[in-house]
Amino acid sequence: MELYAGTEAQAVTIITGTEWLAHRVGGPGEVGEMAAFDETGNPLPPGEIGEIYMRRPEGSPPSYAYRGATPRTLPGGWESLGDIG
């Protein structure tokens with residue numbers, strides 16, 4: 001099993017080795033959404049490289065609070081940990 005997430009817990013993807021060999025993309029776990037955006041905040045289609053943003057399920061309270069830092073956000077509740085994918 002391989003997973004991608006952050007301790008902030010906005011979203012999670014999980015994939016098995018067999019699934020990776022067939023498709024190489026993890027599916028969403030039980031939490032949130034993920035999407036790649038370009039440098040101007042536009043969503044990118046599959047296969048394009050951009051910054052990964054995550055969005056927790058609607059109505060879910062934040063699982064953390066930034067202290068001494070400003071979160072990287074986009075309209076619509078999207079948050080980034082700064083990863084490229």
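Positions are given from 1 along the sequence.
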Checklist entry - If you look only at pairs with a residue in residues 59-69, which of them pass as a salt bridge (charged side-chain N to carboxylate O under 4.0 Å, His left out), with sequence neighbours excluded? => result none
Checklist entry - Which heavy-atom pair separates Ala5 from Val12 by the least distance, and what is that distance? => result CB-CG2, 3.7 Å
Checklist entry - Are the side chain of Thr13 and the backbone of Leu3 linked by a donor-acceptor contact shorter than 3.5 Å? => result no
Next on the checklist: On a heavy-atom basis, which atom in Phe37 and which in Leu44 lie closest, and how many Å separate them?
Outcome noted: C-CD1, 3.6 Å
Item to check | Stepwise side chain to side chain contact (heavy atoms under 4.5 Å, CB included) test for Ile84 and Ile49 | outcome: CA-CA 7 Å; Ile84 301 297; Ile49 296 172; 3.4 Å; yes
Checklist entry - CE/Met34 to OH/Tyr53 distance, rounded to the nearest 0.5 angstrom? => result 14.0 Å
Item to check | Expected output: side-chain Glu48 to main-chain Pro45 donor-acceptor under 3.5 Å | outcome: no
Next on the checklist: Test: salt bridge (charged side-chain N to carboxylate O under 4.0 Å, His left out). Region: residues 49-58. Which pairs qualify, not counting sequence neighbours?
Outcome noted: Glu33-Arg55, Glu51-Arg72, Arg56-Glu79
Checklist entry - Shortest non-hydrogen contact from Leu81 to Gln10? => result CD2-NE2, 4.2 Å
Item to check | Partner set under side chain to side chain donor-acceptor pair (under 3.5 Å) for Thr70, not counting sequence neighbours | outcome: none
